[in-house]
Colleague: 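Below are the structure tokens for one structure; questions will follow.
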Amino acid sequence: MEKDTALLLISPVLDDRQRFIERMAGKGWHINLAESLEAAQSLLNETEHEAGICFLHHDQANELKNIEKLIARSRMEWIAMVRESVLDDPWICKALGSLFMAYQSEPIDIEQVDCLLRHAVAMKRLRKEEAASKRPRETEFDMVGTVPVMQKVFDTIRRVASVEAPVFISGESGTGKELAARAIHERSQRATAPFVAVNCGALPSNLIQSELFGHEKGAFTGANQRKIGQIEAASGGTLFLDEIGDLSLELQVNLLRFLEEKTIQRIGALEEVHVDVRVLSATHVNLAKAIEEGRFREDLYHRLNVLQVAIPPLRERQEDIETLARFFFDKFAEEKSLKVQGFSQDALVLMQQHHWPGNIRELINRVRRAMVMCEQRLIKPSDLGLERRASSRHVVTLEEARNCAERDALRQALGRNRQKVKQAAEELGVSRVTLYRLIEKHGLDRTTEETACPFTSA
């Protein structure tokens, strides 16, 4: 134990308080005294403490919620001191069980308090070291990843951010395409200018032109004043068009003209407005297929798809699942009860096995829900909604399992290599002829997104 380790003492009422402080000082503890919760919070903001002591009495039953908030924010262990009579209060007893590492009733045994505090300090330092060892090497606006495929994504983001060309971000729903767009913007020379995100799929078809390009007063019924569109609002900065594949062909023509001319025309206006904006776009739709079917303009696709960032689905970065789960657990820590300390091993295993069709968005939702619903110290699979189901499912033959694994390996290799057969074949260690034969065998279409093997989900 280091000499004069700092403790925080909350003691509104204590007859021999000064004597307690002196005796603890003799054990090598330096105590900062707070006579109220407000004073305690100020001290926590100013100085790092290794552990805390709180004297509880009957009058504090109404303050337990505030005490809980203070303890949660402090990120250290606490010891409670109580009079024997206080233990008759059910609310105080509940607080002792959920908020404090241990408690001691008066008369105070200094030797025992000293021992408890040493354990409390050791626990804090152990958790600090554990958190440091598991901290992700890269974090780009909540884009957490340690696996090589994510390191490649981070490197690509840094590269494309330094130039002005349009960027197309591809990836399944929930993979974090908007986070990638924000990371590009914040690393670019336009970082101090606006970042405007538009979800093209969420806007009603009759309003999207007005939303993007704006309108003049009186341009149509209900246009009571001039409206600046999202493109014009992003002037000088970055415009992110999410779900660009959902734009109507009519709007695609207008957008193409804007990309070529750098001008827009508000609805009902006679003059054009020059707009200096960098365009980033994204979609989960397979645009190559949409072009073949006549739902998306090929010339617009080539205008948008100058630089590319491909965000991998969560099932292709399983090594990151535990890191991500802990990252979001810490991020939303204020939403959980103090008793919830982390994930059980069973929960971590099932998270690794789950297929994650909703990707990062699904992981966040499951973790946040589990943090609220969990009633134990560790989150269980049932809290995440990932319990193993009783086996009434299809019995898989060895041949089916082999074909399924082969099909998934092909699909993932093609996805990682952007459907380039030569590169995918080299990665898998087979010839191009063999790869073409396997693609035909499994009925894979290299221009479409394939669903995963039904036998691989948890």
Side-chain angles (χ1 to χ4, degrees), residues 141 157-170 177-220 222-283 285 287 290-291 295-309:
F141 295 87
I157 285 173
R158 284 188 285 270
R159 289 173 181 272
V160 303
S162 62
V163 297
E164 285 288 294
V167 180
F168 179 71
I169 305 170
S170 61
K177 297 187 289 295
E178 183 171 343
L179 292 177
R182 288 185 181 276
I184 292 169
H185 171 72
E186 291 297 331
R187 285 182 173 273
S188 74
Q189 295 181 349
R190 297 174 178 264
T192 57
F195 174 88
V196 177
V198 181
N199 188 331
C200 300
L203 293 174
S205 57
N206 61 327
L207 294 178
I208 190 168
Q209 183 159 352
S210 173
E211 285 294 321
L212 285 177
F213 297 95
H215 61 252
E216 295 290 343
K217 180 179 180 180
F220 50 83
N224 299 321
Q225 58 185 5
R226 171 187 286 181
K227 175 183 173 63
I228 300 299
Q230 301 280 34
I231 295 176
E232 195 173 348
S235 184
T238 303
L239 175 70
F240 174 54
L241 298 173
D242 197 7
E243 301 304 347
I244 191 76
D246 292 337
L247 274 184
S248 68
L249 288 171
E250 179 185 359
L251 263 296
Q252 290 176 34
V253 173
N254 293 343
L255 184 59
L256 177 63
R257 186 172 182 278
F258 158 67
L259 291 172
E260 292 175 340
E261 304 294 336
K262 297 297 183 184
T263 61
I264 63 166
Q265 190 170 7
R266 304 188 197 104
I267 299 173
L270 299 177
E271 297 180 354
E272 295 183 334
V273 179
H274 177 77
V275 180
D276 171 30
V277 65
R278 184 186 190 184
V279 176
L280 312 178
S281 58
T283 186
V285 173
L287 291 186
I291 291 170
R295 294 183 290 108
F296 200 85
R297 294 180 61 97
E298 186 173 6
D299 48 4
L300 176 58
Y301 172 72
H302 291 303
R303 276 284 181 181
L304 295 170
N305 193 26
V306 178
L307 299 173
Q308 297 179 354
V309 177

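Predicted model only: the values in this text are computed from it and were never measured.
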Colleague: Are Arg257 and Val253 close enough that some pair of their side-chain heavy atoms sits under 4.5 Å apart?
Modeller: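 SC-SC contact between Arg257 and Val253 ruled out.
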Colleague: If you take all heavy atoms of Phe195 and Glu178, which pair is closest and at what distance?
Modeller: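 Where Phe195 meets Glu178 most closely, the heavy atoms are CE2-OE2, 4.4 Å.
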Colleague: Ignoring hydrogens, what is the shortest heavy-atom contact between Ala233 and Ile228? Give both atom names and the distance.
Modeller: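 Where Ala233 meets Ile228 most closely, the heavy atoms are N-CG2, 3.9 Å.
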Colleague: Considering all heavy atoms of both residues, which atom of Ser235 and which atom of Pro194 are nearest to each other, and what is their separation?
Modeller: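 Scanning both residues completely, I find the closest heavy atoms to be O-CD, 4.0 Å.
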Colleague: Hey, could you give me the CZ/CG distance between Arg295 and Asp246, rounded to the nearest 0.5 Å?
Modeller: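 If I round to the nearest 0.5 Å, the distance is 9.0 Å.
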Colleague: Under 6.0 Å from the CD atom of Glu164, do we count more than 12 heavy atoms belonging to anything else shown?
Modeller: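 Correct, the count exceeds 12.
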Colleague: What's the separation between atom OG in Ser281 and atom CD in Glu243, rounded to the nearest 0.5 Å?
Modeller: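 Between Ser281 OG and Glu243 CD, I get 11.0 Å after rounding to 0.5 Å.
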Colleague: I need the minimum non-hydrogen distance between His185 and Ala193, along with the two atoms involved.
Modeller: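 Minimum heavy-atom contact is NE2-O, 3.2 Å.
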Colleague: Quick check: do Leu249 and Arg297 have side-chain heavy atoms less than 4.5 Å from each other?
Modeller: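 Yes, at least one pair of side-chain atoms sits under 4.5 Å.
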Colleague: Check whether any side-chain heavy atom of Val198 sits under 4.5 Å from a side-chain heavy atom of Leu239, and report yes or no.
Modeller: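 Yes - at least one pair of side-chain heavy atoms lies under 4.5 Å apart.
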Colleague: Within this structure, what is the CG-CG distance for the pair Leu259 and Leu300, rounded to the nearest 0.5 Å?
Modeller: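 Rounded to the nearest 0.5 Å, the CG-CG separation comes out at 6.5 Å.
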Colleague: Classify the ring geometry of Tyr301 against Phe296: parallel below 30°, tilted from 30° to 60°, perpendicular beyond 60°.
Modeller: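 Aromatic pair Tyr301/Phe296 classed perpendicular.
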Colleague: Begin from the C-alpha positions of Val309 and Val167 and carry the test side-chain contact (heavy atoms from CB on, under 4.5 Å) through to its verdict.
Modeller: CA-CA 7 Å; Val309 177; Val167 180; 3.9 Å; yes
Colleague: Report the distance from atom CG of Leu255 to atom CD1 of Ile244, rounding to the nearest 0.5 Å.
Modeller: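 Leu255 atom CG to Ile244 atom CD1 measures 5.0 Å (nearest 0.5 Å).
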Colleague: Quick one: does Phe258's side chain get under 4.5 Å of Thr263's, heavy atoms only?
Modeller: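 Not touching, per the 4.5 Å side-chain cut-off.
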Colleague: Under a 3.5 Å threshold, yes or no: a donor from one side chain and an acceptor from the other, between Ser210 and His215?
Modeller: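 Note: Ser210 and His215 side chains meet the donor-acceptor criterion.
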Colleague: Has Gln252 got a side-chain atom pairing as donor or acceptor with Leu247's backbone, closer than 3.5 angstrom?
Modeller: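 Yes, because the side chain of Gln252 sits within donor-acceptor range (under 3.5 Å) of the backbone of Leu247.
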Colleague: Atom CZ in Phe168, atom CG in Leu287: separation rounded to 0.5 Å?
Modeller: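 So the CZ of Phe168 and the CG of Leu287 are separated by 4.5 Å.
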Colleague: Within a strict 4.5 Å, meaning less than it, do heavy atoms of the Arg159 and Ile157 side chains meet?
Modeller: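 They are not in contact (no side-chain heavy atoms under 4.5 Å apart), so the answer is no.
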Colleague: Given side chains that start at C-beta, do those of Gln209 and Ile267 come closer than 4.5 Å, heavy atoms only?
Modeller: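 Side chain of Gln209 against side chain of Ile267, heavy atoms only: contact under 4.5 Å found.
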Colleague: If I take atom CD1 from residue Ile169 and atom CG from residue Leu304, how far apart are they, to the nearest 0.5 angstrom?
Modeller: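 Those atoms lie 11.5 Å apart.
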Colleague: Which residue, Glu271, Glu216, Glu272, forms the side chain to side chain donor-acceptor pair (under 3.5 Å) with Arg266?
Modeller: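 Only one option passes, and that is Glu216.
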Colleague: Could you tell me whether Glu186 and Arg182 make a salt bridge, using a distance below 4.0 angstrom between a side-chain N and a carboxylate O?
Modeller: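 No, Glu186 and Arg182 are not salt-bridged.
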Colleague: If I compare all heavy atoms of Leu280 with all of Ala181, which pair ends up nearest, and what's the gap?
Modeller: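 Scanning both residues completely, I find the closest heavy atoms to be CD1-O, 3.6 Å.
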Colleague: Can you check whether Asp276 reaches Lys262 side chain to side chain, under 4.5 Å on heavy atoms?
Modeller: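 A side-chain contact under 4.5 Å is absent here.
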Colleague: If you count every heavy atom of other residues, nucleotides or ligands that lies below 6.0 Å from Glu260 atom CD, does the total exceed 12?
Modeller: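 Enclosed: over 12 neighbouring heavy atoms sit under 6.0 Å from CD of Glu260.
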Colleague: With sequence neighbours excluded, what pairs up with Glu298 under the salt bridge (charged side-chain N to carboxylate O under 4.0 Å, His left out) test?
Modeller: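 Glu298 satisfies salt bridge (charged side-chain N to carboxylate O under 4.0 Å, His left out) with no other residue.
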Colleague: Taking the side chain as everything from C-beta on, heavy atoms only, tell me whether Thr238 gets closer than 4.5 Å to Ile184.
Modeller: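 No, too far: nothing below the 4.5 Å cut-off.
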